[in-house]
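When a ligand or atom number is given, it counts from 1 through the structure's own listing order.
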Amino acid sequence: MSFFEVYDPVFGQYVMGNAPVKQLATGFDWVEGPVWFGDAGCLLFSDIPNNRIMRWTPDADVTTYRAPSNYANGHTRDRQGRLISCEHGQRRVTRTELDGSLTVIADRHDGKPLNSPNDVVVKSDGSIWFSDPHYGIMTNYEGFASEQENPCVVYRADPETGALDVVVDDMNCPNGLAFSPDESLLYVADTGRMFSDDPQHIRVYDVTDDSVANGRHFHTIDPGAADGIRADSDGNLWSSAADGVHCIASDGRLLGKILVPELVSNICFGGRAKHELYITATTSVYRVILNRRGVQVP
Ligand code: MG
């Protein structure tokens with residue numbers, strides 16, 4: 001069996017026929033938010049329903065990094081390498097300082113609590129961009145069931161000034177997000193309201209310093225929905241999907257698929273050359289080594 005489906009010959013150069021989609025760890029309930037720490041030689045990821053962040057190392061050691069995690073979901077690192085986390089439970093985005101303490105980046109907008117920050121990216125100017133759909137407050141499974149008080153939007157937080165501004169407000173439920181390599185574009189996945197006819201698409205926006213403009217359709221994922229997304233150094237976008245990970249060219253064409261046996265939630269690049277793709281998928285974490293490099297900070 002092949003781990004890959006090739007729709008454009010260029011994708012055949014991105015994958016290697018003898019590089020497996022390997023299960024690294026399993027036994028979780030809903031894994032999300034993979035983030036690579038090259039300096040520590042480990043991958044962190046969330047096991048959201050079990051209220052913990054896990055740590056995997058290449059010698060196959062899996063330990064608990066933080067529990068309780070306030071039902072953390074997506075993570076990234078800022079330009080100083082610090083962990084930035086979305087928390088459903090406290091309805092906030094935090095930064096983990098080098099001494100282990102947590103700094104709240106954002107927890108309210110318009111005087112009302114955020115919904116349940118889901119995924120996050122940091123721009124090269126240090127600003128923190130995150131999505132705030134309502135999934136984490138719909139039930140008690142991934143946090144605490146609560147009333148939604150703010151719309152489902154994407155925010156830009158300035159950690160220097162504390163300013164929090166809405167940058168994307170034309171989606172049903174914004175989820176994963178990624179900048180293009182030169183940060184001229186912002187991609188945002190919309191997973192829509194559950195059990196609705198909302199489109200399962202990715203939209204792309206022109207980045208205009210502190211905001212975005214000219215939002216337009218980029219790609220519709222099939223089957224399933226785009227949750228986590230990441231760009232590679234050539235400007236392709238890699239997206240989670242129901243059958244695995246899809247690689248989409250910058251013009252929106254599907255180039256190929258990495259087939260994964262569980263529903264994929266999110267992905268990140270890591271490893272020595274940023275050429276390893278880590279995949280969180282329902283109960284397990286998988287990895288496939290690619291002939292492609294991810295865009296990743298720091
Ligand atoms: Mg997500």
Side-chain angles (χ1 to χ4, degrees), residues 28-36 43-54 69-77 83-94 106 114-122 128-139 141-143 148 152-155 168 171-179 186-196 198-203 218-219 221 223-231 237-242 244-246 248 260 262-269 277-286:
F28 312 101
D29 280 335
W30 180 249
V31 285
E32 249 285 5
V35 56
W36 177 253
L43 180 83
L44 300 184
F45 58 95
S46 297
D47 181 12
I48 305 176
N50 291 308
N51 198 13
R52 57 185 180 168
I53 301 171
M54 307 302 292
S69 63
N70 297 321
Y71 294 92
N73 185 340
H75 306 278
T76 192
R77 301 179 73 183
L83 177 67
I84 306 291
S85 302
C86 294
E87 296 181 2
H88 289 178
Q90 297 294 326
R91 303 170 71 163
R92 65 186 187 181
V93 175
T94 62
L114 299 178
N115 298 322
S116 48
N118 188 293
D119 216 341
V120 58
V121 287
V122 173
I128 297 169
W129 302 51
F130 65 94
S131 60
D132 188 37
H134 63 299
Y135 299 123
I137 54 172
M138 289 174 67
T139 68
Y141 184 54
E142 292 193 7
Q148 178 182 344
C152 298
V153 298
V154 174
Y155 293 102
V168 173
M171 290 197 158
N172 291 310
C173 289
N175 202 316
L177 54 175
F179 287 107
L186 176 71
Y187 298 95
V188 185
D190 189 347
T191 34
R193 293 162 296 179
M194 286 192 185
F195 306 110
S196 74
D198 288 349
Q200 309 290 313
H201 62 181
I202 300 167
R203 289 173 63 77
F218 173 68
H219 184 87
I221 290 291
D227 190 341
I229 54 177
R230 306 275 178 170
L237 193 71
W238 300 69
S239 172
S240 63
V245 178
H246 295 189
I248 306 153
V260 179
E262 297 182 73
L263 178 66
V264 175
S265 63
N266 212 334
I267 52 179
C268 79
F269 287 94
L277 187 69
Y278 289 86
I279 302 165
T280 50
T282 312
T283 67
S284 306
V285 178
Y286 297 83

How large, to 10°, is the angle at the Mg ion (ligand 1) when you draw lines to OD1 on Asn175 and to OD1 on Asn118?
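Roughly 70°, rounded to 10°.
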
For the rings on Tyr141 and Trp30, is their centre-to-centre separation under 6.0 Å?
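That pair fails the under 6.0 Å test.
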
Just wondering, is there an N, O or S atom on Asn266 that's nearer than 2.8 Å to the Mg ion (ligand 1)?
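Given the 2.8 Å cut-off, Asn266 does not count as a ligand of the Mg ion (ligand 1).
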
Taking both backbone and side chain into account, is any N, O or S atom of Tyr135 nearer than 2.8 Å to the Mg ion (ligand 1)?
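False for Tyr135.
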
Check whether the side chains of Ser116 and Tyr71 place a donor and an acceptor atom closer than 3.5 Å, and report yes or no.
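Looking only at side-chain atoms, Tyr71 and Ser116 do not form any donor-acceptor pair under 3.5 Å.
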
Would you mind naming the N, O or S atom of Asp227 nearest to the Mg ion (ligand 1)?
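Checking each N, O and S atom of Asp227, the shortest distance to the Mg ion (ligand 1) belongs to OD1.
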
Aromatic rings Phe28 and Phe45: how do their planes relate, parallel, tilted or perpendicular, breaks at 30° and 60°?
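Rings of Phe28 and Phe45: perpendicular, over 60°.
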
For Ile128 and Val122, run side chain to side chain contact (heavy atoms under 4.5 Å, CB included): C-alpha distance rounded to whole Å, both residues' side-chain angles, the deciding distance at 0.1 Å, then the answer.
CA-CA 5 Å; Ile128 297 169; Val122 173; 4.0 Å; yes

